[in-house]
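Quick notes on the structure that follows.
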Amino acid sequence: MKFGYFDDAAKEYVITTPKTPLPWINYLGTNDFFSLISNTAGGYSFYKDAKLLRLTRFRYNNVPGDSNGKYYYIKDGNTVWNPGWMPTKTDLDSYECRHGIGYSKWNSSKNGVSASVLAFVPTDDTCEINQLKLTNNTDSVKELKLFSYVEWCLWNAADDMQNFQRNFSTGEVEVIDSTIYHKTEYRERRNHYAIYHVNAKIDGFDTQRENFLGAYRDNHDPEVVFDKGACTGSIAHGWSPVAVHEITVKLEPGETKSYVFILGYCENPDNDKWESKNVVNKKPAKALISKYQTDADVDKAFAKLKEYWDNLLSIYTLESSNDKVNRMVNIWNQYQCMVTFNMSRSASYYESGIGRGMGFRDSNQDLLGFVHLIPERARERIIDIASTQFENGSAYHQYQPLTKRGNSDIGSGFNDDPLWLIAGTSAYVRETGDVSILKEIVPYDNDMSVATTLMEHLKRSFDFTVNNKGPHKLPLIGRADWNDCLNLNCFSEHPGESFQCFGPSEGPVAESVFIAGMFVKYGEEYAQLAELLGDTAEAERARKEVKIMYDTVLEAGWDGDWFVRAYDAYSNKIGSKECEEGKIFIESNGFCSLAGIGVKEGLAEKALDSVKKYLDCKYGVMILQPAYTVYHLELGEISSYPPGYKENAGIFCHNNPWVSIAETVIGRGDRAFEIYKKTCPAYTEEISEIHKTEPYVYCQMVAGNDAYIPGEGKNSWLTGTAAWTFVNISQYILGVYPTHKGLSVDPCVPSDFGDFKVTRKFRGATYEISVKTNGSQKGVKKLIVDGQEVEGTVIPFVEGKKEYKVEVVM
Ligand code: BGC
Ligand code: NOJ
């Protein structure tokens with residue numbers, strides 16, 4: 001069952017009922033100012049950091065869900081309604097929400113009045129714009145009241161939810177004309193405030209929540225709107241500051257009136273904070289407001305945003321006979337990659353924005369799906385991430401985006417982390433050819449006195465694995481590898497202890513076959529980077545180490561029909577036929593196979609057949625089977641989840657593409673695509689009532705066969721799935737892969753995929769690539785570049801050449 005449809009021409013998903021199975025959200029913002037916004041206008045805004053600089057309040061896990069938001073109450077006689085349906089939930093005569101690329105729009109109507117709202121964050125300013133248009137479609141005059149409503153967050157979102165003894169006394173605002181200034185804590189250590197403005201004369205305002213809502217009432221029936229019909233002019237002192245504008249709207253038959261609301265973040269220099277004693281310096285606010293006074297101003301900013309996105313989305317485009325794949329590749333998958341790159345795992349409807357900052361492994365993987373879009377930002381990100389690495393090659397697992405400092409609460413010890421830095425950097429250099437990044441001087445743990453080149457960082461990443469091996473000569477796992485819940489050195493017995501951070505957690509025995517697979521894959525990419533710098537000795541050394549690891553995996557990491565997952569702290573196998581539960585895992589099988597381990601020996605094929613046989617289900621490939629049914633002290637968080645959920649036999653969408661990529665490595669296009677389809681939003685849209693999460697983006701986890709409702713998705717938006725599925729479809733299935741020497745084209749498609757065209761911008765040139773598949777799954781028979789046949793699959797890169805016409809015959 002569907003709750004809307006894709007409008008591909010407009011690059012929008014159109015939601016046709018407010019009653020979606022879960023709130024379906026969108027992200028506004030490209031740089032520093034961001035808003036989460038749901039199909040019923042719920043959500044919140046923040047500047048740079050969802051924890052430390054949150055502008056508006058949202059109540060996670062509230063009842064009803066998805067509150068607060070940016071709400072407009074339209075009072076028409078005795079009827080009060082909202083264009084987004086929430087929070088009054090008044091039945092609407094029509095409703096439509098269009099989530100677009102960096103904006104959302106509503107078109108709704110009630111009793112002859114229609115309302116359209118356009119919400120977006122302009123590319124150049126730290127604000128969200130809402131353009132609200134009201135039209136009278138009746139034959140008689142309409143006298144309406146319009147009330148806007150946002151609730152301020154007292155900046156630090158964590159403190160805001162717990163430190164009530166202080167926070168109920170700190171709130172402060174100023175109101176001048178149609179602008180409400182939220183200035184809590186500005187009198188002391190802050191140099192920033194927020195504004196909520198409308199470009200019209202107002203008839204009233206409120207800034208104290210209690211005055212607006214009334215005692216024991218909530219935002220679904222505010223006293224001011226429902227009973228009084230007029231604001232009280234309250235000025236918040238302490239308690240809960242809000243911002244409400246009251247506007248009288250008189251509409252002649254057929255008339256439309258338009259209002260521009262601005263929710264903005266403003267900063268002043270420390271020595272220029274005040275206009276007069278305790279009166280905020282409003283210069284930056286006035287400058288911001290003056291830019292968006294008319295509909296023409298809004299149209300201009302909106303057109304700029306569209307242009308920005310159209311440009312980005314023109315870098316990789318696909319024309320094929322499969323609409324679902326086209327829309328994922330051309331629009332939604334790349335869009336999600338941008339959002340995950342911006343947010344890491346910090347702020348979604350599942351990530352509260354107060355916990356995790358930027359993940360070391362997460363951000364590096366996000367880069368894989370993003371690097372072709374804005375390589376300059378990817379470059380900056382790589383340097384930021386590498387700056388949180390330790391001198392011995394290990395790394396802080398997370399860092400805060402505002403301070404860019406490693407997060408010592410979590411610390412290090414996730415032994416896959418270092419290798420992801422090689423993955424991210426290699427992707428950047430292959431994309432851009434910018435070798436200079438390898439020579440950048442980058443600190444360790446932000447300490448410039450011990451800085452080295454980025455290449456030296458990568459060497460230490462590589463050597464971290466070389467120097468930290470266990471009894472089978474496989475990499476030590478530390479606190480966890482990619483699977484945060486495989487905590488083999490934790491042994492937690494008390495509720496509340498963090499499985500990731502508890503105890504010393506870095507034992508000398510437990511090993512990871514998954515990290516071994518990573519080492520083989522990224523060890524080779526490291527060797528190639530060394531070669532680029534002319535260091536053939538280092539490349540040779542690296543390849544020797546990779547060969548040793550390859551052999552070790554075949555010796556100690558092969559279980560007969562698939563790859564073992566790990567060895568625990570007692571050196572017992574995990575993910576082996578010897579185990580009672582958790583006999584086979586997806587990660588080691590996917591990653592070792594995609595790294596090429598066992599391909600020539602026929603073992604990769606065997607492993608992938610086993611994956612199909614034991615882990616496949618209707619909704620994707622499960623992470624492990626059989627599910628753990630009891631808590632295993634020696635395994636950690638993985639067995640803490642009930643069977644079928646999350647890391648305990650859920651379908652982790654992130655590693656499904658690893659298996660799909662591995663299938664392309666052995667040339668099975670039908671199977672690679674079958675796996676791709678199972679978790680692909682454009683395909684799961686059909687079962688939205690089961691899947692529940694947004695049908696235009698991936699979620700982290702879908703409940704596996706053992707769960708109560710198999711197929712139910714959770715944790716949408718912020719997941720490495722976005723990057724990996726894009727890598728899978730664009731670089732492996734469609735096969736357009738950036739190498740150091742140029743673009744390689746080597747598709748691996750299902751036999752009925754048909755011919756297709758990819759347009760790819762790469763290192764300043766445009767490549768028009770036409771592929772004739774001839775019903776084949778893999779294998780390039782002919783590569784013709786500008787009429788000339790070329791050996792192999794790599795289009796030779798010619799400096800300065802702007803256009804390449806490429807024909808590929810399979
Ligand atoms: C989740 C993981 C997550 C980890 C670290 C666990 O509870 O299941 O997916 O990576 O916490 O935050
Ligand atoms: C989510 C985390 O963000 C990611 O780093 C991890 O790899 C997966 N969970 C699997 O546990």
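Counting starts at 1 for both ligands and their atoms, in listed order. It should be emphasised that the depicted structure is a prediction, and the values quoted were computed from it without experimental measurement. Along the sequence shown, residues carry numbers from 1.
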Within 45° cone and under 6.0 Å: Arg381 NZ/CZ vs Phe341 ring: yes

Carboxylate-amine/guanidinium contact Arg671 Glu674, below 4.0 Å: yes

Close N or O approach (Glu647, ligand 2; < 3.5 Å): yes

Residue, atom name and distance, where the atom is the protein heavy atom closest to atom 6 (C) of ligand 2: Trp482 O, 3.2 Å

Residue part near ligand 2, for Asp484, under 4.0 Å between non-hydrogen atoms: both

Glu351 with Arg345: basic N within carboxylate O range, under 4.0 Å: no

Asn483 neighbourhood, listing ligand 2 atoms whose heavy-atom distance to it stays under 4.0 Å: 11 (O)

Validation row, ring centre Phe519 to ring centre Phe462 under 6.0 Å: yes

Gln700 near ligand 2 by a heavy-atom separation under 4.0 Å: yes

Shortest non-hydrogen contact from Lys473 toward Glu511: N-OE2, 3.4 Å

Heavy-atom closest pair, residues Ile690 and Pro710: CG2-O, 3.6 Å

Option from Trp717, Tyr44, Trp24, Phe58 for which ring pair (Phe, Tyr, Trp, His ring centres under 6.0 Å) with Tyr349 holds: Phe58

Carboxylate-amine/guanidinium proximity below 4.0 Å for Asp416 and Arg361: yes

Under-4.0 Å salt bridge between Lys678 and Asp616: yes

Nearest neighbour in protein (non-hydrogen) for atom 4 (C) of ligand 2: Asp362 OD1, 3.3 Å

Numbering as shown, the atoms of ligand 2 that approach Arg361 to under 4.0 Å (heavy-atom distance): 4 (C), 5 (O), 6 (C), 7 (O)

Identify the protein atoms, limited to N or O, that lie within less than 3.5 Å of an N or O atom of ligand 1, and list each pair with its distance to 0.1 Å.
| residue | atom | partner | partner atom | Å |
| --- | --- | --- | --- | --- |
| ligand 1 | 7 (O) | Glu637 | OE2 | 2.4 |
| ligand 1 | 7 (O) | Tyr641 | OH | 2.8 |
| ligand 1 | 8 (O) | Tyr641 | OH | 2.7 |
| ligand 1 | 8 (O) | Lys646 | NZ | 3.3 |
| ligand 1 | 8 (O) | Glu647 | OE1 | 2.9 |
| ligand 1 | 8 (O) | Glu647 | OE2 | 3.4 |
| ligand 1 | 9 (O) | Lys646 | NZ | 3.3 |
| ligand 1 | 9 (O) | Glu647 | OE2 | 2.7 |
| ligand 1 | 9 (O) | Gln700 | NE2 | 3.4 |
| ligand 1 | 10 (O) | Asp484 | OD2 | 2.6 |

